[in-house]
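Okay, so here's the structure we're looking at.
Side chains included, hydrogens not; waters and symmetry mates left out as well; all remaining heavy atoms used. Keep in mind that what you see is a predicted model, and the values were worked out from it rather than measured. Numbered from 1 within each chain, the chains take letters A, B, ... in sequence-line order.
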Amino acid sequence: MASTAKIDPAPVWSAIQAIPKGEVASYGQVAVRAGHPGRARWVAQLLARQLGPKGLPWHRVVRSDGRIAFPTDSAEFLEQAKRLRADGVLIVNGRVTISKRSILDEAIWG
DNA sequence: TCAGTGACGCACA
DNA sequence: CTGTGCGCCACTG
């Protein structure tokens, strides 16, 4: 069989959808939640390819430092920052102003 | 098949 | 605190 055998991204979309409004999660945390620990880059790649369902709250996925993955001068950055603010998340210096990484660690699922 | 790439993460200075 | 370097792994051409 010549199947491409690519990993099923479904659990990844599920993990992102599971992020509560007003909170954010890191790529690594999403990867773990999706059952693929250490695949943070893979998760980022999926989003970069703009795959996944339409209503996917991709803007709630940030770096482990709470930093937005895009350059501060990028249009994509402004887009994500705008959406996060709409969710009630405050952004300062391109960084999510949440109690350190309360969420990035395990405040959500841990 | 091989080599390059990247919306990452972490250790170290 | 910031900046730099390396490792990681899946996908693309």
Side-chain angles (χ1 to χ4, degrees):
Chain A
M1 293 290 290
S3 58
T4 45
K6 282 190 288 202
I7 305 176
D8 183 41
V12 175
W13 310 139
S14 242
I16 297 176
Q17 284 283 6
I19 305 174
K21 182 179 175 231
E23 305 295 332
V24 296
S26 67
Y27 295 90
Q29 201 57 221
V30 170
V32 172
R33 180 69 169 134
H36 296 287
R39 278 47 175 195
R41 299 188 81 160
W42 173 59
V43 173
Q45 222 163 47
L46 290 176
L47 292 173
R49 291 260 162 186
Q50 297 186 350
L51 306 173
K54 189 173 190 282
L56 187 76
W58 59 269
H59 58 272
R60 291 181 192 157
V61 185
V62 295
R63 283 214 182 175
S64 59
D65 298 8
R67 268 286 241 162
I68 293 180
F70 298 103
T72 50
D73 61 340
S74 178
E76 294 292 88
F77 172 89
L78 297 175
E79 177 71 38
Q80 184 168 1
K82 186 177 177 180
R83 281 173 172 251
L84 285 173
R85 288 191 179 227
D87 282 352
V89 179
L90 213 17
I91 310 291
V92 176
N93 289 336
R95 197 165 66 222
V96 182
T97 59
I98 303 185
S99 316
K100 310 262 170 158
R101 35 205 176 102
S102 48
I103 315 204
L104 302 177
D105 259 351
E106 26 185 313
I108 295 183
W109 304 305

What's the spacing between Leu51(A) CG and Gln45(A) CD if we round to 0.5 Å? 10.0 Å
ILVMFWY network linking Val61(A) to Leu78(A), side-chain heavy atoms under 4.5 angstrom: yes
Check whether any side-chain nitrogen or oxygen of Trp42(A) sits under 4.0 Å from OP1 or OP2 of dC8(B), and answer yes or no. no
Report yes if at least one side-chain N or O of Ser64(A) is closer than 4.0 Å to OP1 or OP2 of dC10(B); otherwise report no. yes
How far apart are the C-alpha atoms of Arg67(A) and Val62(A), what are their side-chain angles, what is the distance that settles it, and do they pass the side chain to side chain contact (heavy atoms under 4.5 Å, CB included) test? CA-CA 6 Å; Arg67(A) 268 286 241 162; Val62(A) 295; over 6 Å; no
Taking every non-hydrogen atom, the tightest pair across Val92(A) and Thr97(A): CG2-CG2, 3.1 Å
Closest non-hydrogen atom pair, Tyr27(A) against Arg63(A): CE1-N, 3.8 Å
Of Gln45(A) and Arg95(A), whose closest DNA chain C nucleotide lies nearer the 5' terminus? Arg95(A)
Set out, line by line, the N/O atom pairs under 3.5 Å between protein and nucleotides 11-13 of chain B.
none

Whole Å only: how far is the [atom1] atom of [X] from the [atom2] atom of [N]?
{"X": "Arg49(A)", "N": "dA10(C)", "atom1": "CZ", "atom2": "P", "value": "16 Å"}
{"X": "Gln80(A)", "N": "dA7(B)", "atom1": "CD", "atom2": "P", "value": "12 Å"}
{"X": "Asp8(A)", "N": "dA10(C)", "atom1": "CG", "atom2": "P", "value": "14 Å"}
{"X": "Arg33(A)", "N": "dC8(B)", "atom1": "CZ", "atom2": "P", "value": "22 Å"}
{"X": "Asp65(A)", "N": "dC10(B)", "atom1": "CG", "atom2": "P", "value": "8 Å"}
{"X": "Ile16(A)", "N": "dA7(B)", "atom1": "CD1", "atom2": "P", "value": "14 Å"}

Name the closest nucleotide to the Lys6(A) side chain, picking from dT12(C), dC8(B), dA10(C). dT12(C)
Quick one, His59(A) with Asp87(A), criterion side chain to side chain contact (heavy atoms under 4.5 Å, CB included). Give me CA distance, side-chain angles, the key distance, then yes/no. CA-CA 10 Å; His59(A) 58 272; Asp87(A) 282 352; 2.8 Å; yes
Can you find a donor-acceptor N/O pair under 3.5 angstrom joining the side chain of Arg41(A) to the base of dC8(C)? yes
